[in-house]
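Reckoned from all heavy atoms, side chains included, excluding hydrogens, waters and symmetry mates.
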Amino acid sequence: MEWGPAAAGVAVGMLIAVVTAPVGVSGAVFLLPVQLSVFAVPNPAVTPTNLLYNVVAGPGALLRHRRAGTLGGPLVRRLVLGTLPGVIVGAVVRVFAVPGPYVFRLLVAALMLPLGVWLIVRTLRPAPTGIRRPPPAPRTVTGLALVVGVAGGVYGIGGGSILGPVLVGRGVPVAQVAPAALASTFATSVVGAGTYALLSLASTGSIAPNWSLGLACGLGGLLGGYLGARLQPHLPETLLRLLLGTLATALGALYALDALS
């Protein structure tokens, strides 16, 4: 990769991570359309390239959360235990079944658009304390993480983009969700990238990552993720919820337009 595209990759990765890391989203889900439309990465190489981005970028935010003492607790374990087996299944499905992206994009749009709008409205007009919904049960969290892990293995998206809005919408504080979602995204990306590397030995086609682009964007994400995680404690919960709702709405709208175009 020449210096121009490499610098652009670093800038894109850093910008995405600074905005998304405070709410527990790795940013890979927003990198996916950039890969396709700007850098012309072919399918299915976009998936392992996204995973490579998460592997390189993830330690930035996680290091900051560890220093702050927020990288721990049962929620982290539940998300990691649920997403790890899911991403292996998703990678196998992606390589050998090769599902089309059209239906997936519509499903993401149908889930994220109303979820993002609901989260924004609920933040601006909170329900009375007496009728707020309790946080989801541990088994529900693990089951949701498993489903998200499969989607992450198939399409190379960070699970935090889906897990974050759902958990925050059910009453879990953003400060608790963000480190757990980022930890599960990093763990599944490491396992997913390794799975794709093994599957590439027994499959034909372009399933290896675009190493130069993934590393360039990941380096930017490494710096941006650290900065974003450092900003998070200084941002009020209301602002974080609005940011997460806005990201979910933007993601749903982006995928809807992409699927219908």
- request: I would like to know whether Val141 and Leu79 meet side-chain contact (heavy atoms from CB on, under 4.5 Å); could you show each step before the answer?
  value: CA-CA 7 Å; Val141 173; Leu79 295 188; 3.5 Å; yes
message: Run the side-chain contact (heavy atoms from CB on, under 4.5 Å) test on Val10 and Cys217 for me, step by step, so that the C-alpha distance in whole Å, both residues' side-chain angles and the decisive distance to 0.1 Å come before the verdict.
response: CA-CA 5 Å; Val10 172; Cys217 293; over 6 Å; no
task: Report the C-alpha distance between Leu52 and Leu215 in whole Å, list the side-chain angles of each, state the deciding distance to 0.1 Å, and finish with yes or no for side-chain contact (heavy atoms from CB on, under 4.5 Å).
output: CA-CA 7 Å; Leu52 177 60; Leu215 291 173; 4.2 Å; yes
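Hydrophobic clustering of Ile, Leu, Val, Met, Phe, Trp and Tyr side chains at less than 4.5 Å, counting indirect connections, unites Val177 with Leu243. Hydrophobic clustering of Ile, Leu, Val, Met, Phe, Trp and Tyr side chains at less than 4.5 Å, counting indirect connections, unites Val25 with Val168. With hydrophobic clusters built from ILVMFWY side chains whose heavy atoms lie under 4.5 angstrom apart, Val55 does not share a cluster with Tyr226. No single ILVMFWY cluster, assembled from side-chain heavy atoms under 4.5 Å apart, contains both Val172 and Val147. Taking hydrophobic clusters as Ile, Leu, Val, Met, Phe, Trp and Tyr residues chained together by side-chain heavy-atom distances below 4.5 Å, Leu182 does not share a cluster with Leu84.
For the atom pair Met14 CE and Leu227 CG, the distance stands at 5.0 Å (nearest 0.5 Å). Atom CG of Leu167 and atom CZ of Arg78 lie 10.5 Å apart (nearest 0.5 Å). Atom-to-atom distance recorded for Tyr53:OH and Ser189:OG is 10.5 Å, nearest 0.5 angstrom. Distance CG/Leu247 to CG/Leu254: 11.5 Å, rounded to 0.5 Å. Put simply, OG1 on Thr83 and CD1 on Ile88 are 10.0 Å apart, with the number rounded to the nearest 0.5 Å. For the atom pair CD (Gln232) and NE2 (His65), the distance works out to 5.0 Å, reported to the nearest 0.5 Å.
The side chain to side chain contact (heavy atoms under 4.5 Å, CB included) check on Pro173 picks up Gln176, Glu237, with sequence neighbours excluded. Residues meeting the side chain to side chain contact (heavy atoms under 4.5 Å, CB included) test with Val121, sequence neighbours left out: Val117. Evaluation of the side chain to side chain donor-acceptor pair (under 3.5 Å) rule for Thr249 yields no partner, not counting sequence neighbours. In terms of the side chain to side chain donor-acceptor pair (under 3.5 Å) criterion, residue partners of Arg241 (sequence neighbours excluded) are, by chain and number, Thr123.
Clustering of Ile, Leu, Val, Met, Phe, Trp and Tyr by side-chain heavy atoms under 4.5 Å joins Leu113 with none of the others. When hydrophobic side chains of Ile, Leu, Val, Met, Phe, Trp and Tyr are connected at separations under 4.5 Å, Leu124 ends up clustered with Ile120, Leu242.
In terms of heavy-atom proximity, Pro22 sits nearest to Leu235 at CB-CD1, 4.4 Å. Gly116 approaches Ala248 most closely through the heavy-atom pair CA-CB, 3.7 Å. The minimum heavy-atom distance between Ala178 and Val23, with the atom names listed, is CB-C, 3.8 Å. The shortest non-hydrogen separation linking Leu62 to Pro179 is CD2-O, 4.3 Å. The minimum heavy-atom distance between Ala17 and Gly225, with the atom names listed, is CB-N, 3.4 Å. Taking both residues in full, the closest heavy atoms of Gly252 and Ala109 are given as O-CB, 3.3 Å, listed atom of the first, atom of the second, then distance.
Between Pro85 and Leu146, some side-chain heavy-atom pair lies under the 4.5 Å cut-off.
Put simply, the side chain of Thr70 never gets that close to the backbone of Arg66: no donor and acceptor are under 3.5 Å apart. At least one donor-acceptor pair closer than 3.5 Å links the side chain of Ser184 to the backbone N or O of Ala181. Put simply, the side chain of Thr49 gets close to the backbone of Asn210: a donor and an acceptor are under 3.5 Å apart.
A donor-acceptor contact closer than 3.5 angstrom is absent between the side chains of Thr185 and Asn54.
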